[in-house]
Every structure is written in structure tokens, then in C-alpha cells.
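What follows is a single structure, written as C-alpha cells, with notes after it.
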Amino acid sequence: YTFVGTNAAGCPDTKTLVLTINNSTTSSQTVSACETYTWTVNEQTYTTSGTYTSTSTNAAGCADTKSLVLTINTPTSSTESVSACDTYTWSVNGITYTTSGTYTFVGTNVAGCTDTKTLNLTINSSTSSSQTVTACQSYTWSVNGTTYTSSGTYTFVGTNAAGCPDTKTLVLTINNST
């Protein structure tokens, strides 16, 4: 830019301005993280969702404003208590367990964070017993109230105190009167 004026002596006075206009810069970053996020722009660690701003100077000496749009997701956990007879297959991991205990599976939830599932498992056992009897003509089995008139092996399945199958077997010999 040039300006021509008059100096004190009445002569032309030319003034020249060489002007460079530098611009400020801005940028925005959108991030989803689990529990915490450390922003490399300012090395601060954030634990809550929000929009954060950091202002510094760009190469041209003007303001450089950076924005962080942050979503903090949280891990999840759940506990399941189960009682089963003899075995239990946990749908979470497909494993079949035969002993009581506490089992854990760590996966990922829909937000991409840790999902910890805990199984408190009680395995109860089935029971069985066998009884051998010899009788004349007939025998009434007290387990099921049935009267038998021929020899054979008979089975009755009930439920034990733990709620599991209780299998009782009767090996019966019937002797007929002569």
C-alpha cells in the first residue's frame, strides 16, 4: 500500500506499507474413549465427556485453536448366581463346568469398553442307589408304591434334597410258591 502526502517543506512524501495478513487456525477432533483420555495437544487427562479447547500460536504467529469433542464411555460388569445339577454350560463363554466356584469372563461391551461377567456357580450332584430283594409271589416297592409280581430290574427317578435327579434301582427276584 502506498500513501503520498506532503512533507513540511511542501514536497511529496511517499509512504509504503508492505503488509502480510496471517490467519488464525482452528481444528476439531472427535474422540470416544473408555474411562479416561489423555489429549496429546495439552497432555491433560480427562475423565468426563465434554468439549475441551486449547489455544496456542501457529507458525504464522497467530492463534491456533484446537477443540476436542470427547465422549467417555464406562466399563460394565455383572454377576450371575446359578445352581445346577452335575454340570452347567455358561452361555457367556460356552464352557461346561462340573465343579462349584466363581468364574470370570472379560469381554467388550457395545461402547468398546471392558465388560466383566462373573458366575457364582453351585454344582449339586445327582444321587443313585440300588436295592436287591427276593420275595415270594409279589413285592411292593416302598419307593413308588408299585406291587411287582415278576422278577426284573426296576428304576424310579425322583428328586434329591439338592433338587437333582435321584435314581433308585430295584433288582427283584420273585419266587413262586409251590
Side-chain angles (χ1 to χ4, degrees), residues 1-129 157-167:
Y1 298 96
T2 304
F3 174 77
V4 179
T6 306
N7 65 15
C11 297
D13 182 14
T14 304
K15 301 208 184 278
T16 302
L17 171 64
V18 179
L19 177 63
T20 302
I21 298 291
N22 294 316
N23 292 316
S24 298
T25 52
T26 61
S27 62
S28 181
Q29 180 182 12
T30 302
V31 174
S32 290
C34 294
E35 295 189 82
T36 66
Y37 180 75
T38 301
W39 195 18
T40 57
V41 169
N42 61 7
E43 295 303 321
Q44 287 194 17
T45 299
Y46 298 97
T47 58
T48 56
S49 298
T51 301
Y52 302 97
T53 305
S54 176
T55 303
S56 60
T57 303
N58 65 17
C62 297
D64 180 28
T65 304
K66 294 187 186 309
S67 296
L68 170 66
V69 180
L70 179 62
T71 302
I72 294 292
N73 297 310
T74 55
T76 52
S77 65
S78 60
T79 300
E80 176 182 9
S81 295
V82 173
S83 291
C85 295
D86 302 317
T87 66
Y88 179 75
T89 301
W90 196 15
S91 62
V92 168
N93 60 8
I95 295 175
T96 299
Y97 298 95
T98 58
T99 57
S100 298
T102 300
Y103 302 96
T104 303
F105 177 80
V106 179
T108 303
N109 65 19
V110 294
C113 297
T114 302
D115 180 30
T116 304
K117 296 190 182 303
T118 302
L119 171 65
N120 293 322
L121 179 62
T122 302
I123 294 291
N124 295 310
S125 297
S126 298
T127 52
S128 64
S129 61
V157 180
T159 303
N160 65 18
C164 295
D166 180 25
T167 304

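Residue indices begin at 1 and follow the sequence shown. A quick note: this is a predicted structure, and the numbers were derived from the prediction, not measured.
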Between atom CG of L68 and atom OG1 of T51, what is the distance when rounded to the nearest 0.5 Å? 7.5 Å

I72 and Y46 have their tightest heavy-atom pair at CD1-O, 3.9 Å

Shortest non-hydrogen pair, N160 vs S125, comes out as ND2-O, 3.0 Å

Going from CG on L119 to OG1 on T104, what distance comes out if it is rounded to the nearest 0.5 angstrom? 8.5 Å

For K66 and W39, which heavy atoms make the closest approach, and how far apart are they? O-CH2, 3.4 Å

Out of curiosity, T96 OG1 to D86 CG, how far, rounded to the nearest 0.5 Å? 12.5 Å

I'd like to check Y103 versus N93 (side-chain heavy atoms, cut-off strictly below 4.5 Å). Are they in contact? no

Return the minimal non-hydrogen interatomic distance between T108 and D115, and the atom names on each side. C-CB, 3.9 Å

Where I123 and S100 come nearest, the two heavy atoms and their spacing: N-OG, 2.7 Å

Side-chain H-bond candidate by donor/acceptor type, T45 with T38, under 3.5 Å: yes

Check: G163 main-chain N/O paired with N124 side-chain donor or acceptor under 3.5 Å: no

For the atom pair OG1 (T16) and CZ (F3), what is the distance rounded to the nearest 0.5 Å? 11.5 Å

List the steps and the verdict of side chain to side chain contact (heavy atoms under 4.5 Å, CB included) for S24 and T65. CA-CA 8 Å; S24 298; T65 304; over 6 Å; no

Mind running side chain to side chain contact (heavy atoms under 4.5 Å, CB included) on T71 and N73 for me, showing each step along the way? CA-CA 6 Å; T71 302; N73 297 310; 3.8 Å; yes

Do C113 and E35 touch side chain to side chain, with heavy atoms closer than 4.5 Å? no

Side-chain contact test, heavy atoms from C-beta onward, threshold under 4.5 Å: evaluate it for T114 versus C34 and give yes or no. no

For the residue pair Q44 and Y52, establish whether any side-chain heavy-atom pair is separated by less than 4.5 Å. no

Let me see the working for I95 and F105 under side chain to side chain contact (heavy atoms under 4.5 Å, CB included), right down to the final yes or no. CA-CA 11 Å; I95 295 175; F105 177 80; over 6 Å; no

Could you give the distance from CG (N58) to CG (N23), rounded to the nearest 0.5 Å? 8.5 Å

Return the minimal non-hydrogen interatomic distance between L121 and T99, and the atom names on each side. CD2-O, 3.9 Å

